[in-house]
Amino acid sequence: MTHIVPPSLLFDFRLTIPRCPPPRPAKKRPAQKVPLLNLPPHAELFLPAAMNEQSVFASVAAGWDESGIGVAVEVSGKQHPVNGTAADLRNSDSVSLWIDTRPSGQVHRATQFCHQFTCLPVDELNDDQPSVIVREIAQQRDQRVAPNTDLFLTRTVIADHGYRLEIWIPGSQLNGFREISELRSLGFYCVIHDTELGTQPLSLGDDFPVAYDPSTWLRLELSE
């Protein structure tokens, strides 16, 4: 049965994410042996997309700290190697993230507090290491921060039939994050694109303007 209105659209989802310690400096962290993020099991997010007869092949987990936010995506079910290049995002395995440090649920145009990043689990332009690309949001009113992706921390572990990608986004790269310990709320959206398995949104699909309308993003409540 095809729903005219996706079931997940009928709910105002507010997902709770736990506090997690920031990663240790990379020079002190063995790349493939120690996880980048110390996320507890309850950091895994409920995926409203599953309510919309959407194929689900990835899990998403998140945690926060006054110094930044961490996101982990685990993809399973692949039969072919992970691939990607920043020169051709359309034909790359990737994870796109949207973050709003002042979510209201009523604003339909990205403000200066909205950010978009595309993360590649492997990037052939980066010696097949993960990379992060800052993306412009269509019709955004303003952008107050010029992010430096060298400050982002990433880690990819390739498995037999998928991969796990971990990303740490420093608060210094998110306009308005300085007050997050008082506000305790973030707008958040995520879309996993896989060249083999397809596209998995966090909730709504391409029929909705999730790429530039922050009112369609979900709310993350930041707990201890």
Side-chain angles (χ1 to χ4, degrees), residues 8-24 36-49 59-73 95-119 132-149 151-154 166-191 201-204 208-224:
S8 69
L9 188 62
L10 304 177
F11 300 88
D12 179 17
F13 290 99
R14 301 198 175 198
L15 310 179
T16 300
I17 65 171
R19 183 189 291 270
C20 69
R24 291 179 291 172
L36 174 68
L37 304 175
N38 185 14
L39 295 174
H42 61 280
E44 184 171 335
L45 300 180
F46 169 70
L47 302 176
S59 63
V60 182
W64 77 284
D65 178 82
E66 285 86 354
S67 61
I69 179 171
V71 179
V73 174
V95 174
S96 290
L97 302 174
W98 290 263
I99 296 175
D100 182 0
T101 59
R102 294 293 186 278
S104 70
Q106 305 299 320
V107 178
H108 298 281
R109 183 177 173 187
T111 70
Q112 66 266 33
F113 299 107
C114 298
H115 313 77
Q116 180 185 358
F117 311 103
T118 292
C119 311
V132 179
I133 301 161
V134 178
R135 308 286 301 277
E136 293 184 356
I137 301 178
Q139 304 176 25
Q140 186 167 15
R141 295 174 183 171
D142 194 8
Q143 176 57 269
R144 299 290 179 86
V145 176
N148 178 4
T149 56
L151 300 178
F152 289 56
L153 298 178
T154 57
E166 297 175 296
I167 311 115
W168 177 261
I169 305 172
S172 63
Q173 305 303 293
L174 297 170
N175 185 35
F177 197 85
R178 184 185 307 177
E179 297 80 22
I180 207 64
S181 60
E182 299 176 9
L183 300 173
R184 294 299 184 95
S185 182
L186 286 171
F188 179 80
Y189 208 75
C190 176
V191 174
L202 187 63
S203 179
L204 302 173
F208 293 83
V210 295
Y212 60 86
D213 184 348
S215 72
T216 63
W217 305 349
L218 274 62
R219 186 78 66 94
L220 295 184
E221 304 290 349
L222 314 183
S223 70
E224 291 296 332

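The figures that follow rest on heavy atoms only: side chains count, while hydrogens, waters and symmetry mates do not.
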- request: Apply side-chain contact (heavy atoms from CB on, under 4.5 Å) to the pair Leu218 and Ser203, showing each step before the final yes or no.
  value: CA-CA 8 Å; Leu218 274 62; Ser203 179; 3.9 Å; yes

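- Looking only at side-chain heavy atoms (C-beta outward), Val134 and Phe117 come within less than 4.5 Å of each other.
- Under the rule for a side chain to side chain donor-acceptor pair (under 3.5 Å), the partners of Ser96 that lie at least two apart in sequence or sit in another chain are Thr118.
- Here the CD-CD1 distance, from Gln116 to Ile133, works out to 10.5 Å after rounding to the nearest 0.5 Å.
- Side-chain atoms of His115 come within 3.5 Å of backbone atoms of Asn175 as a donor-acceptor pair (strictly under, hydrogens ignored).
- Side-chain atoms of Tyr189 do not come within 3.5 Å of backbone N or O of Ala211 as any donor-acceptor pair.
- Side-chain contact between Ile169 and Val132 is absent, with no heavy-atom pair separated by less than 4.5 Å.
- Scanning both residues, Pro18 and Pro40, for their nearest heavy atoms gives CG-CG, 3.7 Å.
- Residues satisfying the side-chain contact (heavy atoms from CB on, under 4.5 Å) criterion with Pro22, sequence neighbours excluded, are Asp65, Ser67, Trp168.
- Taking all atoms of both residues into account, the shortest heavy-atom contact from Pro214 to Val107 is CG-O, 3.4 Å.
- By the 4.5 Å heavy-atom criterion applied to side chains, Phe113 and Leu174 are not counted as neighbours.
- Listed by chain and residue number, nothing satisfies the ring pair (Phe, Tyr, Trp, His ring centres under 6.0 Å) test with Tyr212 (two or more places apart in sequence, or in another chain).
- Trp217 and Trp98 have tilted rings, their planes meeting at an angle from 30° to 60° on a 0 to 90° scale.
- Residue Ser223 holds its OG atom at 7.5 Å from CD1 of Ile17, rounded to the nearest 0.5 Å.
- Looking at every heavy atom in both residues, Ser185 comes nearest to Arg219 through OG-CD, 2.8 Å.
- Here the closest heavy-atom approach between residue Gly176 and residue Thr101 is recorded as CA-OG1, 3.7 Å.
- Proximity of a side-chain donor or acceptor of Gln140 to a complementary backbone N or O of Thr111 within less than 3.5 Å is detected.
- In this structure, the side chains of Ile167 and Leu153 stay at 4.5 Å or more apart for every pair of heavy atoms.
- Residue pairs meeting the salt bridge (charged side-chain N to carboxylate O under 4.0 Å, His left out) criterion with at least one partner in residues 98-118, sequence neighbours excluded, are Arg102-Glu179.
- The line from CD of Gln173 to CD1 of Ile69 is 14.0 Å long, rounded to the nearest 0.5 Å.
- The two residues Ala72 and Leu39 have their closest heavy-atom pair at CB-CD1, 3.9 Å.
- To the nearest 0.5 Å, atom CD1 of residue Ile99 and atom CG of residue Leu220 are 8.5 Å apart.
- Closest non-hydrogen pair, Pro21 versus Asn38, comes out as CG-ND2, 3.8 Å.
- With sequence neighbours excluded, the residues forming a side-chain contact (heavy atoms from CB on, under 4.5 Å) with Glu66 are Arg19, Trp64, Ser181, listed by chain and number.
- By the salt bridge (charged side-chain N to carboxylate O under 4.0 Å, His left out) test, Glu136 pairs with no residue at all, sequence neighbours left out.
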